[in-house]
Protein chains: 2
Amino acid sequence: MVVTPRNTRQRRAVAAILEDLEGFASAQEIHDLLRHRGESVGLSTVYRNLQALADAAEVDALRNDEGETLYRQCSTGHHHHLVCRACGRTVEVEGPTVERWADGVAAQHGYVDIAHTLEIFGTCGDCAR
Amino acid sequence: MVVTPRNTRQRRAVAAILEDLEGFASAQEIHDLLRHRGESVGLSTVYRNLQALADAAEVDALRNDEGETLYRQCSTGHHHHLVCRACGRTVEVEGPTVERWADGVAAQHGYVDIAHTLEIFGTCGDCAR
DNA sequence: GGTCGATTTGACAATGATTCCCATCCGCGT
DNA sequence: ACGCGGATGGGAATCATTGTCAAATCGACC
């Protein structure tokens with residue numbers, strides 16, 4: 001049966017931070033933000049809750065080029081991200097054509113159980129100035 | 001001025017391994033392969049040479065979902081990868097449609113200087129059995 | 001072939017993100 | 001209020017990768 005997570009102060013605090021954030025943030029950044037808010041939460045707990053949220057598909061996770069895992073609250077459903085490499089501003093985008101193309105080429109080569117990662121990076125209009 | 005790298009035994013050994021490999025391999029795997037070949041090379045040196053090759057665009061690098069950086073000798077030009085998550089077997093694929101789509105959506109949102117990452121993971125026919 | 005300087009190497013320490021461990025805590029059903 | 005099992009926290013442990021620096025060694029020049 002499905003386990004129902006408990007409604008702890010820490011879990012609420014992590015979720016609240018994610019509500020307020022616009023772009024992606026690392027676990028450590030979220031940990032710092034919590035501390036500055038006075039809602040101190042153990043680092044391990046931040047990691048655990050973020051992973052739990054990611055597993056539950058309530059937040060999206062991606063790795064930046066430094067190897068950190070970044071988290072962000074996103075709309076439901078499969079989508080990709082257009083991220084400003086300067087300010088982090090993120091636009092969620094969908095590409096049904098891309099999905100089909102990826103599944104198609106993989107199947108053509110005999111691959112099964114297909115997944116893909118796609119992120120678009122650029123400099124947003126404001127930062128370009 | 002541009003520095004010319006020196007032609008050391010270690011650099012040659014790393015390049016030779018990459019010649020022989022079909023799929024992506026981590027720095028540590030390459031280090032082990034070198035050892036088994038009798039061409040022992042220090043782990044630091046393997047990392048350094050792989051990075052140098054990646055910087056020179058002579059090999060492609062990507063991160064798997066465990067956070068390891070994988071390296072592979074690839075054809076030149078822009079392409080993406082279809083990687084078996086079990087054995088690492090890799091097919092290089094091109095998707096002009098995807099490129100155009102990515103550039104298009106980014107431009108629509110006012111982003112400039114656009115780049116993207118796209119990798120497809122699956123289990124190849126042999127490993128699926 | 002020998003010399004020399006700058007690059008490269010390699011063993012080990014250090015880093016940094018993330019996970020493990022485990023005694024303690026506390027949400028929640030009874 | 002009680003008690004149990006999941007949740008917490010914080011310090012240790014892990015793991016890939018990078019830094020350090022003395023020693024080795026390319027390769028240009030004699």
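A note on names: the letters A, B, ... follow the listed sequences, proteins ahead of strands, and every chain is numbered from 1.
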**Student:** When Arg72(A) is tested against each of Glu22(A), Glu119(A), Glu92(A) for salt bridge (Lys or Arg N to Asp or Glu O under 4.0 Å), which residue passes?
**Tutor:**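 In the set Glu22(A), Glu119(A), Glu92(A), the residue that makes a salt bridge (Lys or Arg N to Asp or Glu O under 4.0 Å) with Arg72(A) is Glu92(A).
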
**Student:** Would you state whether a donor and an acceptor, one from the side chain of Arg48(B) and one from the base of dG19(D), lie under 3.5 Å apart?
**Tutor:**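 No pair found.
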
**Student:** Considering just the side-chain nitrogens and oxygens of Gln51(A), establish if one lies under 4.0 Å of OP1 or OP2 belonging to dT19(C).
**Tutor:**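 Looking at the OP1 and OP2 atoms of dT19(C), one of them is under 4.0 Å from a side-chain N or O of Gln51(A).
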
**Student:** Should the side chain of Thr8(A) and the base of dC26(C) be counted as holding a donor-acceptor pair, with the cut-off at 3.5 Å?
**Tutor:**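 Not at all, since no donor on one side and acceptor on the other fall under 3.5 Å apart.
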
**Student:** In whole angstrom, what separates Asn7(B)'s CG from dA6(C)'s C1'?
**Tutor:**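 My rounded result for the distance is 16 Å.
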
**Student:** When the distance from CG of Leu43(A) to P of dA17(C) is rounded to whole Å, what number comes out?
**Tutor:**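 Taking atom P of dA17(C) as the reference, CG of Leu43(A) is at 10 Å.
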
**Student:** Which sits closer to the 5' end of DNA chain D, Gln28(B) or Asn49(A), going by the nucleotide each is nearest to?
**Tutor:**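 Of the two residues, Asn49(A) wins.
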
**Student:** Can you tell me the distance, in whole Å, between the CZ atom of Arg9(A) and the P atom of dA7(D)?
**Tutor:**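 Answer to the nearest Å: 15 Å.
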
**Student:** Write down the distance between CZ (Arg11(A)) and P (dC26(C)), rounded to a whole number of angstrom.
**Tutor:**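 In whole Å, dC26(C) P lies 16 Å from Arg11(A) CZ.
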
**Student:** Is the shortest distance from a Lys or Arg side-chain nitrogen in Arg12(B) or Glu39(B) to a carboxylate oxygen in the other one below 4.0 Å?
**Tutor:**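 No, this pair does not count.
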
**Student:** Round to the nearest Å and state the distance from Arg6(A) atom CZ to dG9(D) atom C1'.
**Tutor:**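 In whole Å, dG9(D) C1' and Arg6(A) CZ are 15 Å from each other.
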
**Student:** Between Arg85(A) and Asp65(A) (salt bridge meaning N to carboxylate O under 4.0 Å), is one present in this structure?
**Tutor:**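 Asp65(A) and Arg85(A): not salt-bridged.
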
**Student:** In whole angstrom, what separates Glu29(B)'s CD from dA16(D)'s C1'?
**Tutor:**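 It works out to 13 Å between those atoms.
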
**Student:** Rounded to whole Å, please give me the gap between OH in Tyr47(B) and P in dT9(C).
**Tutor:**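 Interatomic distance, OH of Tyr47(B) to P of dT9(C): 16 Å.
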
**Student:** Check whether any side-chain nitrogen or oxygen of Gln10(B) sits under 4.0 Å from OP1 or OP2 of dG10(C), and answer yes or no.
**Tutor:**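 Yes, Gln10(B) has a side-chain N/O under 4.0 Å of OP1/OP2 on dG10(C).
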
**Student:** Need to verify one output field. Residue with the more 5' nearest nucleotide on DNA chain D, Ser44(A) or Thr69(B)?
**Tutor:**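 Counting from the 5' end, the first nearest nucleotide belongs to Ser44(A).
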
**Student:** Would you call the rings of His80(B) and His116(B) parallel, tilted or perpendicular if under 30° counts as parallel and over 60° as perpendicular?
**Tutor:**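 Answer is tilted, since the angle falls between 30° and 60°.
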
**Student:** Between dA17(C) atom P and Glu68(A) atom CD, what is the distance in whole Å?
**Tutor:**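 Glu68(A) atom CD is separated from dA17(C) atom P by 5 Å.
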
**Student:** What is the distance from atom NE2 of His31(A) to atom OG1 of Thr45(A), rounded to the nearest 0.5 Å?
**Tutor:**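 The distance works out to 8.5 Å.
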
